[in-house]
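Comments concern the structure below.
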Amino acid sequence: MKSYGLLFCLAASLSFAGDLQLTLPPVVYATPEVPMSLYHDNLVLTETPQDYRFEFECKLGKNETRRWTVKPTDADIGDHPLAITIKDASGKVLEQGKTTLHISPRKAGAEKTLRLLIVGDSLTHATVYSNEIANLLSRPSNPKWTMLGTHKPASALPGVAHEGYGGWAWATFLTKFTPETPGVTAGPLARKATSPFIFPAADGKTGVFDLNRYFAEHCDNQPPDVVTFLLGINDCFGADPTQPDATIHSVLDNADKLLAAFHQAAPKAILAVGLTTPPNARQEGFTANYKDKYPRWGWKRIQHRIVQLMLKRLSNREQDGIHLVPTELNLDPVDGYPNNNGVHPNPVGYAQIGASFYSWMKAKL
């Protein structure tokens, strides 16, 4: 697979630098028979995406009312330029950007093995996108897969495991430790109290972050081949939407620490960081959850800025094992969410997140 530079893509997407802040990753990934979409609302920063005309130039796919979408075939394998132009109602060009659609072969990685560790917050805790990854990897012509992790909720399909916990952030995995509660040595309560990567020190009162021990005790003494991360919502939810950068940079400092620790403990592992997912398009989802304490438009501004700063800070870091996955684009902000939740998708949205990780993995295999 080719390597793509972020700077070119950012320059292209900001060539008409306006209020919409069109933001694109260098590459979007797809696989035969797995639908992939770019939702208009997820590309830009606006409360009213329906007021603009989104035009896409690519030899594949089609533009619909709220998205551009493609379901590749085996004949479409390869790289396809994808250009986006946004116009106002009068037809005036406001912003333009370019990316590359990479379609991997159906049989990519078929002769390999894959040891996969999935790390995240409540979106991972729900286990739905992890189940979808397992379903897709179980199709013919895929690697023989093993999911690692100590968290195996009742909803997990056979073989599905992860390290996903509701309310957790990048820093939680680095620091969360509670001395063992008497009589509680395992299970959800013990896991919720302490990061799975932290173990009691000799005094029993402090914790030691030790990935090598985690691999030895919970991963058959072998490091993973791929570690995916989907974090960022809990880190930044309370940030000031008008000035979120200081909070976001602090969060990404913690991301760098956790990613560096994984790279040191498993230098051959690929560390796949999912770009923070967009919110429900409806304010009523936030009202149901937060009684308007966190308005939808405030979180949308924060989330869009997180994605921009992740692209700037974590792109072109392959020498550190870090790769970015465009999980923020292929998630329907309307039909991928229930009416009563601002940031947690429904099964449709979770399946789209799983498909994004899967198609990225096929490209790397």
Closest contact, heavy atoms only, [X] versus [Y]:
X: Cys236; Y: Val251; value: SG-CG2, 3.8 Å
X: Gly167; Y: Asn234; value: C-ND2, 3.3 Å
X: Thr175; Y: Ile198; value: C-CD1, 3.6 Å
X: Gln308; Y: Thr23; value: NE2-OG1, 3.1 Å
X: Val160; Y: Ser130; value: CG1-CB, 3.9 Å
X: Pro26; Y: Thr99; value: O-OG1, 2.9 Å

Would [X] and [Y] show up in the same hydrophobic cluster when neighbours are defined by side-chain heavy atoms closer than 4.5 Å?
X: Ile302; Y: Leu314; value: yes
X: Leu38; Y: Leu45; value: no
X: Leu157; Y: Val128; value: yes
X: Ile270; Y: Leu365; value: no
X: Ile353; Y: Val348; value: no

Test item: [X] and [Y] side chains (from C-beta on) under 4.5 Å apart, heavy atoms:
X: Ser104; Y: Ile77; value: no
X: Trp68; Y: Leu43; value: no
X: Glu328; Y: Pro326; value: yes
X: Pro200; Y: Phe177; value: yes
X: Ile118; Y: Tyr129; value: yes
X: Leu275; Y: Val273; value: no
X: Leu148; Y: Leu116; value: no
X: His151; Y: His162; value: yes

Let's go through Thr73 and Asp76 carefully: what are the C-alpha distance in whole Å and the side-chain angles of both, what is the deciding distance for side-chain hydrogen bond (donor to acceptor under 3.5 Å, both in side chains) to 0.1 Å, and is it a yes or a no? CA-CA 5 Å; Thr73 68; Asp76 299 325; 3.2 Å; yes

Main chain of [Y], side chain of [X]: is a donor-acceptor contact present, judged purely on distance under 3.5 Å?
X: Thr276; Y: Gly232; value: no
X: Asn142; Y: Leu136; value: yes
X: His304; Y: Gln21; value: yes
X: Glu163; Y: Thr150; value: yes
X: Asn131; Y: Ser155; value: yes
X: Lys362; Y: Arg106; value: yes
X: Asn254; Y: Lys257; value: no
X: His80; Y: Cys58; value: no
X: Arg282; Y: Arg296; value: no
X: Asn330; Y: Gln352; value: yes

Would you sort out whether Asp240 and Arg301 count as a salt bridge (Lys or Arg N to Asp or Glu O under 4.0 Å), showing the intermediate values? CA-CA 10 Å; Asp240 180 353; Arg301 283 183 286 171; over 6 Å; no

CG of Leu231 to OG1 of Thr124: how many Å apart, nearest 0.5 Å? 7.0 Å

Out of curiosity, Arg115 CZ to Thr146 OG1, how far, rounded to the nearest 0.5 Å? 6.5 Å

Just checking, any donor-acceptor pair under 3.5 angstrom between side chains of [X] and [Y]?
X: Trp145; Y: Ser138; result: yes
X: Tyr358; Y: Thr31; result: no
X: His249; Y: Arg313; result: yes

On the 0 to 90° scale, with breaks at 30° and 60°, tag the [X]-[Y] ring pair as parallel, tilted or perpendicular.
X: Phe197; Y: Tyr214; result: perpendicular
X: His218; Y: Phe199; result: parallel
X: His125; Y: Tyr165; result: perpendicular
X: His40; Y: Phe56; result: parallel

Using the side-chain hydrogen bond (donor to acceptor under 3.5 Å, both in side chains) rule, take His102 and Asp79 through it: C-alpha gap first, then chi angles, then the decisive distance, then the call. CA-CA 5 Å; His102 177 83; Asp79 294 328; 2.6 Å; yes

Determine, stepwise, if the pair Ser195 / Trp168 fulfils side-chain contact (heavy atoms from CB on, under 4.5 Å). CA-CA 10 Å; Ser195 166; Trp168 283 33; 4.3 Å; yes

Applying side-chain contact (heavy atoms from CB on, under 4.5 Å) to Phe209 and Leu258, what does each step give before you reach the verdict? CA-CA 10 Å; Phe209 184 91; Leu258 187 59; 3.8 Å; yes

Test side-chain hydrogen bond (donor to acceptor under 3.5 Å, both in side chains) on Asn280 and His344 and set out the steps. CA-CA 8 Å; Asn280 191 329; His344 299 93; over 6 Å; no

What do the steps show when you test Leu309 against Leu311 for side-chain contact (heavy atoms from CB on, under 4.5 Å), and what is the final call? CA-CA 5 Å; Leu309 293 180; Leu311 284 167; over 6 Å; no

Before giving the answer on side-chain contact (heavy atoms from CB on, under 4.5 Å), spell out for Leu324 and Trp360 the whole-Å C-alpha distance, their side-chain angles and the decisive distance to 0.1 Å. CA-CA 9 Å; Leu324 292 177; Trp360 173 86; over 6 Å; no

Using the benzene-type ring in the case of Trp, are the ring centres of Phe286 and Tyr294 under 6.0 Å apart? no

Would Glu64 and Tyr39 count as a side-chain hydrogen bond (donor to acceptor under 3.5 Å, both in side chains) here? Give the steps. CA-CA 9 Å; Glu64 299 176 347; Tyr39 289 87; over 6 Å; no

Does Asp41 form a salt bridge (Lys or Arg N to Asp or Glu O under 4.0 Å) with Arg66? I'd like the steps, not just the answer. CA-CA 8 Å; Asp41 194 15; Arg66 296 189 298 105; over 6 Å; no

Given salt bridge (Lys or Arg N to Asp or Glu O under 4.0 Å), test Lys268 with Asp225 step by step and report yes or no. CA-CA 7 Å; Lys268 294 183 179 180; Asp225 300 311; over 6 Å; no

